[in-house]
Amino acid sequence: MQLVCPAGNLPALKAAIEHGADAVYVGFRDQTNARAFPGLNFSEAELREGVQHAHARGRKVYIALNTYPDSARVAHWFAAVDHAAELGADAIIAAEMAVLDYAARTHPQLPRHLSVQGSATTAAALTYMHERFGISRAVLPRVLSIQQVERVCAASPVPLEVFAFGSLCIMVEGRCQLSSYVTGASPNRHGVCSPARFVRWDEAADGSRTVRLNGVLIDRFQEHEPAGYPTVCKGRFDVNGEVFHALEEPTSLNTLELLPRLAQAGVTALKIEGRQRGVAYVSAVARTWRSAIDRYRANPERWQVEAGWQTALAAHAEGHQTTLGPYHRAWH
Amino acid sequence: MQLSLGPTQYFWPRERTLAFYREAAQWPLDRIHLGETVCSKRRELGTRDWIALAEELAGSGKQIVLSTLALIEAESELGALRRIVENGRFLVEANDLSAVQYCRQRGIAFVAGPTLNIYNAQALSLLIEDGLHRWVPGVEQGQALLAELRAAMAELGHAMPEVEVIAWGRLPLAFSARCFTARALDVAKDDCGFRCIEHPDGLPLATREGQRFLRINGIQVQGDEITDLAPEIADLRELGVDALRLYPQHEGMHEVVARFRAALDDTQAVARVGANNGYWRAEPGKAGLPLQPA
């Protein structure tokens, strides 16, 4: 099982590789990828250096081109595919049909991975993408239980990559419009979710804080109460007169204990979320997962979760909480 | 321009559902969508019942379309999908690529539903090769995007398929594996007791300062506002939109349909009854929010 780690910049890419990533995934500094945040991502020169750095160490670089261009901007995405090929990327990660089709016709030798944003949750959907655009791998949306992942693995025409750790999108990726409902900017079209320029924190005299997204109250915190980033799905709202995290708590996905089952299911790669996170996060998370995967490989029968791994991961989890999320049926 | 009744997004008792559609068969509609698009556990009507209802309503002279799930997780759901695709008589609305693949394999034409993520002319053209007959754009695809896409299709030398735009109802914004209704009622999804049936227009979610915001509908999240594009009918016509989709609500749907029919028959502009749909103007979907932060 390959370990695929995020890199939002060159130092993170080098750290991921130093700490055991088999592959890193990155994006250009524009809206062609789903982490189009200010100050993040790679210029062409940086990416060239990153690819050289990775290849010199026998590791791979995947370039995410996983947003959905409208007709006027589609040429820019095609140019990004050309750049990815020219830079020697080992694969592109894409979701949109025009982008996949262009890549398949223009750069057939450049492997195409179906992004999680492609919302493919069944063997039928994966077969469509495989037959139509020749994808050679797919990343599953974070909606399936472990039993469902096992069944899709058995029936899929292509190897599968699944999310192992990181911030948890609880909606079917590629089909969530909560961000654009409030801000007009969406993961699909603009590569952002709840962009920071719309976030406003206010502190009251009693020390409590409110956080708004484009004026809409997402949550209110008591003094000293830990406060997370205000994506709509992690706010506290009033349903039936009760205020609670109506959609999801601020928590991170952590599937470490499922590693043997994912390996036995034939999952080809474990993906770490977090291109927006820094070197410390990437280093610690890559190191921990590297160690867990290596230990499993060396002795699958005797493998067990080590407390130190969980402590290291929890330190980097949203709200310091982790969940098995949709892999565990009770979460649903 | 045609008037189309979208699939019911909520879960209603069997008798209520059957009565609703038997009434709808008498309304001034051109098309009716039947079927469960949100949650496969909702079985007041099973696949066979929906197809039987389609047979029954076909006599009304309206086109009947069988709509399908947006999120497919289980083998049993794929089996039901296969039965719908192979119904042999009615057009199918594909809300997931699984349905597209089944239709494509069998050479059956399909309607591309709003969750298929078609944002540009190339993607639309590829799906037309697969059998796309009509396109229902997603909620984010507003006026400018559609105009641009239409121009791009002309440039590619491709004909536009029929286009049906969501003109009335709560916008479907997100789907999850999690059932938010079950979560709100503190029951497990696997033992949910089908409690969403108690909320025939969804469960309102407000901010902590009481602003109405979203609607919980099982595994789906909707905008709370009932959006209304009736005042934009002239723009929709100019864009070459072929049909307006009206999403069912528990009460007053006949009046909604009658109002749209009158608006289509009359050249006078109509006043807005529901909420402004910000997406239509490339603004935040929720009415009245600024495009740039304050």
Side-chain angles (χ1 to χ4, degrees), chain A residues 68-72 74 95-98 101-102 119-122 124-125 127-129 132 142-145 148 151 170-172 174-178 180-184 186 188-189 197-198 200 214-220 233 236-240 242-243 246-248 326 329-332, chain B residues 70-75 78 96-98 100-102 104 115 117 119-123 126-127 139-140 145 148-149 151-152 171 173-180 183-184 188-190 203-211 213-214 216 221 223 278-279 282-286 289-291 293-294:
Chain A
Y68 289 79
D70 48 45
S71 304
V74 92
E96 204 276 324
M97 290 186 188
D101 178 63
Y102 175 83
S119 326
T121 55
T122 67
T127 302
Y128 176 86
M129 285 296 186
R132 211 62 177 91
R142 281 162 279 189
V143 291
L144 300 178
S145 67
Q148 288 165 340
R151 281 195 284 270
I170 59 162
M171 305 300 176
V172 185
R175 291 193 190 147
C176 181
Q177 264 69 251
L178 291 176
S180 64
Y181 188 62
V182 180
T183 69
S186 72
N188 279 7
R189 296 197 62 201
R197 67 180 191 279
F198 287 98
R200 204 184 78 211
N214 206 13
V216 175
L217 183 66
I218 302 298
D219 209 346
R220 185 184 292 144
C233 60
R236 273 180 291 197
F237 301 105
D238 183 330
V239 182
N240 269 343
E242 260 187 76
V243 173
L247 305 178
E248 175 61 310
R329 201 58 209 171
W331 181 91
H332 294 227
Chain B
L71 170 59
I72 299 178
E73 298 163 286
E75 284 299 318
L78 279 173
D96 182 78
L97 285 176
S98 312
V100 171
Q101 173 66 3
Y102 284 170
R104 174 176 166 266
T115 45
N117 279 342
Y119 286 91
N120 59 56
Q122 284 86 348
L126 287 160
L127 281 161
V139 298
E140 287 192 334
L145 188 144
E148 200 181 274
L149 187 145
L171 299 175
L173 298 178
F175 296 84
S176 175
R178 168 173 277 175
C179 176
F180 303 109
R183 179 175 172 85
K189 186 184 179 190
D190 284 342
L203 191 51
L205 176 154
T207 68
R208 297 182 74 169
E209 54 194 2
Q211 183 187 18
F213 182 30
L214 301 171
I216 286 171
V221 180
Y279 282 121
E283 292 165 5
K286 184 172 164 53
L289 295 182
L291 189 54

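Since we're looking at a predicted model, the values are computed, not measured. Sequence lines set the chain letters: A, B, ... in the order given, protein chains first and strands last, and positions in each chain run from 1.
Residue with the most contacts toward chain B among A:Leu247, A:Val243, A:Val172, A:Asp70: A:Leu247 (heavy-atom pairs, distance under 4.5 Å). Contact count against chain B (heavy-atom pairs under 4.5 Å) is highest for A:Arg132 among A:Met129, A:Gln148, A:Arg132, A:Arg236. With chain A as partner, the option from B:Leu289, B:Asn117, B:Leu149, B:Ile72 having the largest number of non-hydrogen pairs under 4.5 angstrom is B:Asn117. When the candidates A:Asn240, A:Leu178, A:Leu144 are compared by the number of heavy-atom contacts under 4.5 Å with chain B, A:Leu178 comes out ahead. Chain B forms more heavy-atom pairs under 4.5 Å with one residue of A:Ser119, A:Ala72, A:Ala124 than with any other, namely A:Ala124. Per-residue heavy-atom pair counts under 4.5 Å with chain B were compared for A:Arg200, A:Arg151, A:Met171, and the maximum is reached by A:Met171. Of the listed residues B:Leu145, B:Ile216, B:Leu171, the one with more heavy-atom pairs under 4.5 angstrom with chain A than any other is B:Leu145. Of all the listed residues (B:Leu173, B:Thr207, B:Leu97), the one sharing the greatest number of non-hydrogen pairs under 4.5 Å with chain A is B:Leu173. Interface summary for chain A: among B:Arg183, B:Gln211, B:Glu209, the most heavy-atom pairs under 4.5 angstrom belong to B:Arg183.
To the nearest 0.5 angstrom, B:Phe180 atom CZ is 10.0 Å from B:Leu214 atom CG. A:Tyr102 contributes atom OH, which lies 14.0 Å from atom CD of A:Glu96 (distance to the nearest 0.5 angstrom). Atoms OH and OG, from B:Tyr119 and A:Ser71 in turn, are 12.5 Å apart once rounded to the nearest 0.5 Å. In this structure, B:Thr115 OG1 and B:Leu71 CG are separated by 9.5 Å, a value rounded to the nearest 0.5 Å.
In this structure, chain A has heavy atoms under 4.5 Å from both the backbone and the side chain of B:Leu205. Looking at A:Thr183, the atoms closer than 4.5 Å to chain B (heavy atoms on both sides) all sit in the backbone: N, CA, C or O. Using a 4.5 Å cut-off between heavy atoms, B:Ala152 touches chain A through its side chain atoms alone. Looking at B:Leu126, the atoms closer than 4.5 Å to chain A (heavy atoms on both sides) sit in the backbone and in the side chain alike. With a 4.5 angstrom heavy-atom cutoff, B:Glu283 touches chain A only via backbone atoms. Using a 4.5 Å cut-off between heavy atoms, A:Asn214 contacts chain B through both its backbone and its side chain. Heavy-atom distances place both the backbone and the side chain of B:Ala184 under 4.5 Å from chain A. The contact between B:Arg104 and chain A is made entirely by side chain atoms (from C-beta outward), counting heavy-atom distances below 4.5 Å. The contact between A:Val216 and chain B is made by backbone and side chain atoms together, counting heavy-atom distances below 4.5 Å. Contacts between A:Val182 and chain B at a heavy-atom distance below 4.5 Å involve backbone atoms as well as side-chain atoms. Contacts between B:Tyr102 and chain A at a heavy-atom distance below 4.5 Å involve the side chain alone, from C-beta outward. Heavy atoms of B:Tyr279 lying under 4.5 Å from chain A belong exclusively to its side chain. With a threshold of 4.5 angstrom between heavy atoms, B:Pro204 approaches chain A through N, CA, C or O but not through any side-chain atom. Of the two parts of A:Ala330, neither the backbone nor the side chain holds a non-hydrogen atom closer than 4.5 Å to a non-hydrogen atom of chain B.
Residues B:Glu73 and A:His332 meet the side-chain proximity criterion, which asks for heavy atoms closer than 4.5 Å.
Between B:Arg208 and A:Asp219 there is a salt bridge, since at least one side-chain N of the basic residue sits less than 4.0 Å from a carboxylate O of the acidic one. Salt-bridge formation is detected for the pair A:Glu248/B:Arg178: a Lys NZ or Arg NE/NH1/NH2 atom is positioned less than 4.0 Å from an Asp or Glu carboxylate oxygen.
Between the side chains of A:Ser186 and B:Glu140, at least one donor N or O lies within less than 3.5 Å of an accepting N or O. B:Ser98 and B:Asp96 form a side-chain donor-acceptor contact under 3.5 Å, judged by distance and modelled atom types alone. Between the side chains of B:Asn120 and B:Glu148, no donor N or O sits under 3.5 Å from an acceptor N or O.
Scanning all heavy atoms of the two residues, the minimum distance from A:Trp331 to B:Ala177 falls at CZ3-CB, 4.3 Å. The two residues A:Ala95 and A:Tyr68 make their nearest non-hydrogen contact at CB-OH, 3.6 Å.
Side chain of B:Ser176 to main chain of A:Ile170: a donor-acceptor pair is present (N/O by atom type, distance under 3.5 Å, no hydrogens or angles).
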